[in-house]
Amino acid sequence: MNSSVPYLLAVLGEGVVPPSTMVCHADDLGLVRGDGVFEATRVVTAQDGTSRIDRLEEHLSRFARSIAGVDGPTPDMDSWNHLIEDAARNWRTPGEATLKLVYTNGREIVPGSPRGFLTISPLSETHKEEREGIDVLCLSRGVTSESYADAPWLLGGVKTLSYAVNVAALRYARSQGADDVIFTSTEGYLLEGPTSGLVVEAADGLWTTPTGATGILSSITVNTVFDAADDAGVKTSTRLMKRNEVLRTQGAWLLSSIRGVVPILTIDGHPAPHDDQMTHRLRVWAGFED
């Protein structure tokens with residue numbers, strides 16, 4: 001791979017292709033309807049060009065569940081695995097990068113099969129800087145904490161391509177001088193970040209928000225951390241919580257597969273408590289520190 005190329009592109013059924021290759025037609029349902037899903041995780045590449053992909057099996061399992069959530073056919077995971085292996089062999093830029101898998105339900109006007117492709121691109125400097133801590137705003141998602149119960153058409157827990165609201169929320173937060181967002185329900189319960197899960201340290205252990213009726217995407221990084229915390233004897237639980245309750249705890253973090261563990265410094269301008277020791281433990285459990 002040419003080191004001057006900013007990212008790598010690989011297409012299902014074709015392999016690694018030049019980044020300028022056309023991937024989608026103008027009537028692709030993922031493009032014009034958001035009718036598709038994606039998955040993303042971190043790639044760590046050593047100086048010798050060999051790469052490690054974080055928790056690939058878990059991400060592929062969630063990817064398959066998301067495809068099923070938009071009524072896509074059962075994916076050929078062997079083909080996806082071969083494509084990922086081919087891409088990883090060709091990506092030789094040392095450091096951290098993002099692997100993104102994309103699936104769409106095909107074309108809207110001209111009949112066509114579903115489309116799949118992936119990209120690998122260097123981790124942004126902004127993501128690295130945000131690991132030191134972020135200021136967040138609470139923004140309403142406009143739904144109750146139970147809106148997704150018995151409503152599968154809302155696609156709760158499915159990582160769809162329809163991210164315009166998430167992007168708009170982040171854009172608004174940054175226009176107000178904040179770095180990120182925690183979505184809230186209409187009752188004021190904290191839900192999740194646009195691209196991350198919420199973890200809170202309280203006196204009785206670690207909390208995160210429940211999935212299911214809330215529509216929250218099950219976070220692989222949060223689940224990984226909670227499994228390790230349980231093994232270490234730290235109690236973990238899911239619960240609905242409000243902003244002022246979180247401000248009275250020992251600390252709060254947004255977790256994701258790309259940024260890792262990010263301490264929350266302020267919520268709506270209010271200083272949030274912080275626990276440096278727990279930050280380190282969370283990062284070790286998440287695989288972002290030794």
For this session: Given side chain to side chain donor-acceptor pair (under 3.5 Å), test Y148 with D150 step by step and report yes or no.
Result: CA-CA 6 Å; Y148 290 81; D150 302 319; over 6 Å; no
Exercise. Less than 4.5 Å apart, any side-chain heavy atom of T238 and any of T211?
Worked result: no
Seminar exercise, completed: Minimal heavy-atom distance between A286 and V225, with the atoms involved, is CB-CG2, 3.8 Å
Exercise. Would you say L139 and I267 are hydrophobically clustered, going by side-chain heavy atoms of ILVMFWY under 4.5 Å?
Worked result: no
Exercise. Side chain to side chain contact (heavy atoms under 4.5 Å, CB included) with P194: which of I182, V181, V165?
Worked result: V181
Exercise. Can you name the nearest heavy-atom pair linking K242 to G188, along with the distance?
Worked result: CG-O, 3.5 Å
Seminar exercise, completed: Residues pairing under salt bridge (charged side-chain N to carboxylate O under 4.0 Å, His left out) where one sits in residues 161-179, two or more places apart or in two chains, turn out to be none
Exercise. How far apart are the C-alpha atoms of S147 and T144, what are their side-chain angles, what is the distance that settles it, and do they pass the side chain to side chain donor-acceptor pair (under 3.5 Å) test?
Worked result: CA-CA 5 Å; S147 289; T144 73; 3.0 Å; yes
For this session: Decide side chain to side chain contact (heavy atoms under 4.5 Å, CB included) for T214 and L240; before the verdict, give the C-alpha distance in whole Å, the side-chain angles of both, and the deciding distance to 0.1 Å.
Result: CA-CA 9 Å; T214 61; L240 291 171; 4.1 Å; yes
Problem set entry | Inter-residue atom distance I53.CD1 - E85.CD, 0.5 Å rounding | 8.5 Å
Problem set entry | Cluster overlap V16 with L101, hydrophobic side-chain contacts below 4.5 Å | yes
Problem set entry | Where W91 and P6 come nearest, the two heavy atoms and their spacing | CH2-O, 4.4 Å
For this session: With sequence neighbours excluded, give me every side-chain hydrogen bond (donor to acceptor under 3.5 Å, both in side chains) pair touching residues 37-46.
Result: E39-H59, E39-R62, T41-H59, R42-D54, R42-E96, T45-S51
Problem set entry | Verdict with reasoning, C24 to F117, per side chain to side chain contact (heavy atoms under 4.5 Å, CB included) | CA-CA 10 Å; C24 294; F117 61 93; 4.1 Å; yes
Exercise. Could you give the distance from CG (L12) to CD1 (I84), rounded to the nearest 0.5 Å?
Worked result: 9.5 Å
Seminar exercise, completed: OG1 of T249 to CG of D204, rounded to nearest 0.5 Å, is 10.5 Å
Exercise. Which pair of non-hydrogen atoms, one from H274 and one from P263, has the smallest distance, and what is that distance?
Worked result: CE1-CB, 3.4 Å
Problem set entry | For E192, salt bridge (charged side-chain N to carboxylate O under 4.0 Å, His left out) partners two or more places apart | R141
Problem set entry | Flag side-chain contact, heavy atom, 4.5 Å: L190 against C138 | yes
Exercise. Backbone N or O of V262 within a donor-acceptor pair of the E130 side chain at under 3.5 Å?
Worked result: no
Exercise. Going hydrophobic residue to hydrophobic residue with side-chain gaps under 4.5 angstrom, can you get from L206 over to V284?
Worked result: no
For this session: State the CG-CG distance between N90 and L9, to the nearest 0.5 angstrom.
Result: 11.5 Å
Exercise. Among the clusters formed by ILVMFWY side chains lying less than 4.5 Å apart, do M77 and L56 turn up in the same one?
Worked result: yes
Exercise. Are any of the side-chain heavy atoms of V234 and W285 separated by less than 4.5 Å?
Worked result: yes
Problem set entry | Gap between atom CG of N223 and atom CD of E58 - 0.5 Å precision | 9.0 Å
Problem set entry | V23 and V17, any side-chain heavy atoms less than 4.5 Å apart | no
Problem set entry | Which residues share a side-chain contact (heavy atoms from CB on, under 4.5 Å) with S196, sequence neighbours left out | L254, S256, R259
Exercise. Counting only N and O atoms by type, is there a donor-acceptor contact under 3.5 Å from the side chain of S145 to the main-chain atoms of S185?
Worked result: no
For this session: Among residues two or more places apart or on two chains, list those pairs meeting salt bridge (charged side-chain N to carboxylate O under 4.0 Å, His left out) that have a residue in residues 12-28.
Result: E14-R115, D27-R107
Exercise. If we only count heavy atoms from C-beta on, is the M241 to L198 side-chain gap below 4.5 Å?
Worked result: yes
Exercise. Given the rule in the side chain to side chain donor-acceptor pair (under 3.5 Å) test, do S257 and T221 qualify, once you have shown the distances and angles that lead to the verdict?
Worked result: CA-CA 6 Å; S257 299; T221 309; 3.3 Å; yes
Exercise. Which pair of non-hydrogen atoms, one from V246 and one from A252, has the smallest distance, and what is that distance?
Worked result: CG1-CB, 3.9 Å
For this session: Please round to the nearest 0.5 Å and tell me the distance separating atom CG of L155 and atom CG of L217.
Result: 12.0 Å
For this session: Output every pair passing ring-ring contact (aromatic ring centres under 6.0 Å, His included) with a member in residues 60-90, not counting sequence neighbours, ordered by first then second residue.
Result: F63-W80
For this session: If a pair satisfies ring-ring contact (aromatic ring centres under 6.0 Å, His included) and one of its residues is in residues 173-230, list it, with sequence neighbours excluded.
Result: none
Seminar exercise, completed: Those residues at least two apart in sequence (or on a different chain) that pass side-chain contact (heavy atoms from CB on, under 4.5 Å) with T195 are Y163
For this session: Answer whether the closest heavy-atom distance between the side chains of T279 and W253 falls below 4.5 Å.
Result: yes
For this session: May I ask whether L83 and L60 are part of the same hydrophobic cluster, defined by side-chain heavy atoms of I, L, V, M, F, W, Y residues being less than 4.5 angstrom apart, directly or through others?
Result: yes
Problem set entry | Residue of the set L118, I258, T119, I120 for which side chain to side chain contact (heavy atoms under 4.5 Å, CB included) holds with K100 | T119
Problem set entry | salt bridge (charged side-chain N to carboxylate O under 4.0 Å, His left out) pairs, two or more places apart, involving residues 278-290 | R283-E289
Exercise. Do you know the tightest heavy-atom contact between S66 and V158?
Worked result: O-CG1, 3.6 Å
Exercise. Taking the side chain from Q250 and the backbone from P273, do they hold a donor-acceptor pair closer than 3.5 Å?
Worked result: no
Problem set entry | Listed once per pair and sorted, the salt bridge (charged side-chain N to carboxylate O under 4.0 Å, His left out) pairs that draw on residues 214-241, sequence neighbours left out | R239-E245
Exercise. Looking at residues at least two apart in the chain, or sitting in another chain, which of them share a salt bridge (charged side-chain N to carboxylate O under 4.0 Å, His left out) with D275?
Worked result: none
Exercise. Are L31 and T104 close enough, and set up right, to give a side chain to side chain contact (heavy atoms under 4.5 Å, CB included), and what steps lead you there?
Worked result: CA-CA 8 Å; L31 176 66; T104 83; over 6 Å; no
Problem set entry | With sequence neighbours excluded, residues passing salt bridge (charged side-chain N to carboxylate O under 4.0 Å, His left out) with E125 | K128
